[in-house]
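Just below is one structure, and these are the notes that go with it.
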Number of protein chains: 2
Amino acid sequence: MNTEKPLTLPALDPADVPRRTGSIYPTEELRSLTQGRSKQALGDALGLQAFGVNLVRLEPGAMSAVRHWHTRQDEFIYVLEGELTLVTENGEQVLGAGVCAGFPAGKPDGHQLINRSERVAIYLEVGDRLPGDAAHYPDVDLEARATRGGYSFFKKDGAPYEAASG
Amino acid sequence: MNTEKPLTLPALDPADVPRRTGSIYPTEELRSLTQGRSKQALGDALGLQAFGVNLVRLEPGAMSAVRHWHTRQDEFIYVLEGELTLVTENGEQVLGAGVCAGFPAGKPDGHQLINRSERVAIYLEVGDRLPGDAAHYPDVDLEARATRGGYSFFKKDGAPYEAASG
């Protein structure tokens, strides 16, 4: 990006932020669904606490997450590069660079982004950190409840999965 | 932006969001400082409440705001096009496209963005909406206190400015 002079906080070049792969989903099968996804936690690197901001990169074929919706967390995404397919209850839409989407807390419309294109797609995602959040996953036997600093996962009958790290 | 097919919520083409100019600053002198600035409230258009997301456009010479910092609100910006000068207590840095900055709540480092270039600059700004926020302006006789849906402005001696609309 622009690196003529090294930037210092409160400015930040995302290239200087570690890229995180992997997933906190509780089963290998679920974790495998996010292969090809990496995230850079820009908000954390900047010392922000009220909301998270991630720069997310999806390789061709990768997805943002299993289709889900949050009870308390507002989510926002803005496409920076490439093309993403947004999947919701109402079907699919293709989002190009410069397009955004938003998922208000409590709206029971499970959503995910899938890179069905032949090239990398990059977007910003923002989510607040109000306490008491839960996430519902209409397509799989999974529920999430916010903990301090993460989520715990349960089956739909309430049985816990083993604690996930991260 | 990408408009092959009209997008429907929860997706949104920013081109469909009204562009707001003007300022809620309480004096004509202060308001004139934000000439050449326009904002599109993407988060509001998407129904988000926990945080605001604006797509901001600064004409050459325009500034984001009078230099300020917030007591409760985290702020984040991401440069999409052009070049912006970030002014803080520690001086100036030039931010190009793909670079971000963050201003944690309560950190007393007044900041602003100025477009000192010859072309338009565009960035995303995100700020949470936790109650009880105030803003401090080190360079001018101004203080702001959050109200329901906006800010009220005061001089540094506590005397109120007339209520601003917006």
Side-chain angles (χ1 to χ4, degrees), chain A residues 1-15 17 40 42-53 55 72-81 83-84 86 88 90-91 93-107 109 111 122 124 126-130, chain B residues 1-15 17 40 42-53 55 72-81 83-84 86 88 90-91 93-107 109 111 122 124 126-130:
Chain A
M1 315 238 166
N2 104 329
T3 50
E4 291 175 17
K5 251 198 281 188
L7 296 172
T8 60
L9 289 175
L12 179 69
D13 187 335
V17 179
Q40 291 166 284
L42 305 184
D44 289 347
L46 291 163
L48 305 183
Q49 299 191 322
F51 53 86
V53 183
L55 186 61
R72 299 287 307 275
Q73 182 187 76
D74 276 356
E75 291 182 280
F76 171 86
I77 67 101
Y78 185 96
V79 183
L80 295 170
E81 287 182 40
E83 213 170 75
L84 289 161
L86 171 64
T88 65
N90 289 323
Q93 300 180 73
V94 176
L95 314 186
V99 161
C100 61
F103 311 103
K107 188 162 186 196
D109 185 7
H111 54 269
I122 298 176
L124 281 174
V126 181
D128 68 73
R129 289 168 171 170
L130 294 175
Chain B
M1 317 241 163
N2 105 330
T3 51
E4 291 173 17
K5 252 200 279 190
L7 297 172
T8 59
L9 288 175
L12 179 70
D13 187 335
V17 178
Q40 292 166 283
L42 305 185
D44 289 348
L46 290 163
L48 305 183
Q49 300 192 321
F51 53 86
V53 183
L55 185 61
R72 299 288 306 275
Q73 182 187 77
D74 275 357
E75 291 181 281
F76 171 85
I77 68 102
Y78 185 96
V79 182
L80 295 168
E81 288 182 38
E83 212 171 75
L84 290 160
L86 170 63
T88 65
N90 289 325
Q93 300 180 74
V94 176
L95 313 186
V99 161
C100 61
F103 311 104
K107 189 165 185 194
D109 184 8
H111 53 269
I122 297 176
L124 281 174
V126 181
D128 68 74
R129 288 168 173 169
L130 294 174

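Letters A, B, ... are given to chains in the order of the sequence lines, protein chains preceding strands, and every chain is numbered from 1.
Contact of A:L86 with chain B is made through the side chain alone, with heavy-atom distances under 4.5 Å. Looking at A:L130, the atoms closer than 4.5 Å to chain B (heavy atoms on both sides) all sit in the side chain, from C-beta outward. Residue contact with chain B, scored on non-hydrogen atoms closer than 4.5 Å, involves the side chain of A:Q93 exclusively. Residue contact with chain B, scored on non-hydrogen atoms closer than 4.5 Å, involves the side chain of A:D109 exclusively.
Of the candidates B:D74, B:V53, B:L42, B:V126 forms a side chain to side chain contact (heavy atoms under 4.5 Å, CB included) with just one, namely B:V53.
Contact count against chain A (heavy-atom pairs under 4.5 Å) is highest for B:P10 among B:P10, B:G43, B:A101. With chain A as partner, the option from B:A11, B:G47, B:P104, B:C100 having the largest number of non-hydrogen pairs under 4.5 angstrom is B:C100. In terms of non-hydrogen atom pairs under 4.5 Å with chain A, the most contact-rich of B:A105, B:A45, B:A50, B:G127 is B:A50. Of all the listed residues (A:L80, A:I77, A:L9), the one sharing the greatest number of non-hydrogen pairs under 4.5 Å with chain B is A:L80. In terms of non-hydrogen atom pairs under 4.5 Å with chain B, the most contact-rich of A:E75, A:R72, A:K107 is A:E75.
Rounded to the nearest 0.5 Å, atoms CZ (B:F76) and CZ (A:F51) are 7.5 Å apart. A distance of 10.5 Å separates OH in A:Y78 from CG in B:L12, rounded to the nearest 0.5 Å.
B:L55 has its side chain out of reach of B:V17: every pair of non-hydrogen atoms, C-beta onward, lies at least 4.5 Å apart. Counting heavy atoms from C-beta outward, B:L7 and A:V99 have side chains that approach closer than 4.5 Å. For the pair A:L124 and B:L124, the minimum side-chain heavy-atom distance is below 4.5 Å.
Between A:H111 and A:F103, the ring planes lie parallel to each other; the angle is under 30°, not in the 30° to 60° tilted range.
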